[in-house]
Amino acid sequence: MAYNKIQDLLDLVFWMQSEVEGVSIEEIMSKYNVSKRTAFRMKDMIKEKFPQIQEIKDRYKKRWFIPQGQLNHLVSFSLDEVNALQNAIKLAKTRASADTEFLDSVLCKIKASMNKDVRNRIEPDAEVLLEAEGYVFRPGPKIKANKEFISKLRIAILSCLKIRIKYSSSRDKGWRNIEPYGFLYGNKQYLIAWYSKKNAMCHFDLNKISEIEVLDEYFERRTDFSLQDFSEQSFGVYQEEPFDVEWLFDKEVAAEAEKYVFHPKQEAIKNDDGTLTVKFHAGGAREMDWHLYTWGEHVKVIEPKNFDELRKWKD
């Protein structure tokens with residue numbers, strides 16, 4: 001059996017233990033890009049070696065999982081995994097993320113769980129890699145996340161509890177009752193919440209919240225709302241009516257532009273003359289303008305035709 005297939009089987013073993021609801025044949029097919037017949041073979045091979053595997057049946061399909069604790073003696077961590085977590089911590093620190101201390105705690109627990117010999121072998125290399133890989137700190141002030149606020153908001157989001165925030169904006173200062181749904185992280189950190197006064201899902205700059213009260217009042221989460229879909233409606237953070245976008249990069253920068261993902265659902269087209277066309281559907285003309293400025297004269301906006309009007313500041 002090829003080495004990559006063995007790796008897939010080992011990965012599937014751990015996946016089956018991590019998913020309490022089990023893993024279906026269709027999910028195996030999708031994750032490992034294999035046929036239905038191969039997916040069944042993979043499942044059967046694991047069942048042969050791990051007879052403690054359990055089957056769950058529902059109305060639509062069968063799922064399999066390995067009970068918790070059965071693979072503890074097999075769990076280990078590689079140099080690449082430790083290094084990836086170290087890099088995640090370093091990146092979080094550059095962004096003043098409230099999660100930095102939790103990532104540090106996870107790394108400590110991982111190292112504590114490792115076999116002493118393995119840890120002694122990996123740590124020197126991990127320290128070398130930590131020094132060899134860096135992240136550029138963006139110039140300008142860093143917004144420090146309020147850990148107490150983040151903790152309160154996460155509890156409210158998980159419990160579907162309404163909250164009351166004291167918020168300061170250029171137009172409105174005062175208390176607002178909102179229903180929190182999640183966070184968006186960019187140059188700043190934003191709370192995404194339903195604001196009944198505007199009858200819309202809105203974003204609130206966490207740095208502009210001075211007080212938070214978690215109310216003893218539940219709300220029913222909107223099943224049709226997806227934070228991923230919400231974020232993809234815009235090129236940046238600010239929400240506006242999406243429109244068709246088409247940019248044309250000249251051949252001097254086409255190869256470089258091709259490496260970028262400007263939008264999760266973009267279409268990048270290599271043209272015969274060496275130029276690159278990028279298309280997507282999103283709002284956020286002002287933030288697009290700020291980004292396009294970095295490409296200078298090497299990019300042209302083909303669509304929308306009225307981009308100059310869209311990007312203007314509005315009162």
What residues form a side-chain contact (heavy atoms from CB on, under 4.5 Å) with [X], not counting sequence neighbours?
X	answer
Ile269	Glu267, Asn271, Thr277, Lys279
Asp272	none
Ala193	Ile178, Leu191, Phe204
Val253	Phe249, Asp250, Trp295, His298

Who are the salt bridge (Lys or Arg N to Asp or Glu O under 4.0 Å) partners of [X], not counting sequence neighbours?
X	value
Glu246	none
Glu211	Lys166
Glu148	Lys152
Lys300	none

Under 3.5 Å, side chain of [X] to main-chain N/O of [Y], donor-acceptor pair present?
X	Y	answer
Ser18	Trp15	yes
Glu258	Ala255	no
Tyr167	Leu206	no

Return the [atom1] to [atom2] distance between [X] and [Y], rounded to the nearest 0.5 Å.
X	Y	atom1	atom2	value
Ile66	Ile53	CD1	CD1	5.0 Å
Phe149	Ile165	CZ	CD1	9.5 Å
Ile25	Ser30	CD1	OG	12.5 Å

Just grab all the side chain to side chain donor-acceptor pair (under 3.5 Å) pairs involving residues 36-51, residues at least two apart or on different chains.
Ser35-Thr38
Is a salt bridge present between Asp216 and Lys162, judged by a nitrogen-to-oxygen distance below 4.0 Å?
no
So that I can tick it off, tell me whether Glu19 and Arg63 are bridged by a salt bridge, with the cut-off set at under 4.0 angstrom between side-chain N and carboxylate O.
no
Taking the six-membered ring where the residue is Trp, are the ring centres of Trp247 and Phe280 under 6.0 Å apart?
yes
4.5 Å side-chain heavy-atom contact, [X] and [Y]:
X	Y	result
Gln54	Pro67	yes
Ile163	Leu215	no
Val301	Phe307	yes

Does [X] have any ring-ring contact (aromatic ring centres under 6.0 Å, His included) partners at least two apart in sequence or in another chain, and if so, which?
X	answer
Phe219	Tyr181
Phe102	none
Tyr218	none

How far apart are the C-alpha atoms of Met16 and Ile46, what are their side-chain angles, what is the distance that settles it, and do they pass the side chain to side chain contact (heavy atoms under 4.5 Å, CB included) test?
CA-CA 10 Å; Met16 283 183 167; Ile46 291 174; 4.1 Å; yes
Starting from the C-alpha separation in whole Å, work towards a yes-or-no answer on ring-ring contact (aromatic ring centres under 6.0 Å, His included) for Trp194 and Phe225.
CA-CA 10 Å; Trp194 178 262; Phe225 175 77; 8.9 Å; no
Taking all non-hydrogen atoms of both residues, which atom of Ile157 and which atom of Pro180 are closest, and how far apart?
CG1-CB, 3.8 Å
What pair of heavy atoms forms the shortest contact from Gly182 to Leu227, and how long is it?
CA-CD2, 4.5 Å
Looking only at side-chain N and O atoms, does Asn177 offer a donor or acceptor that is under 3.5 Å from a partner on Tyr195?
no
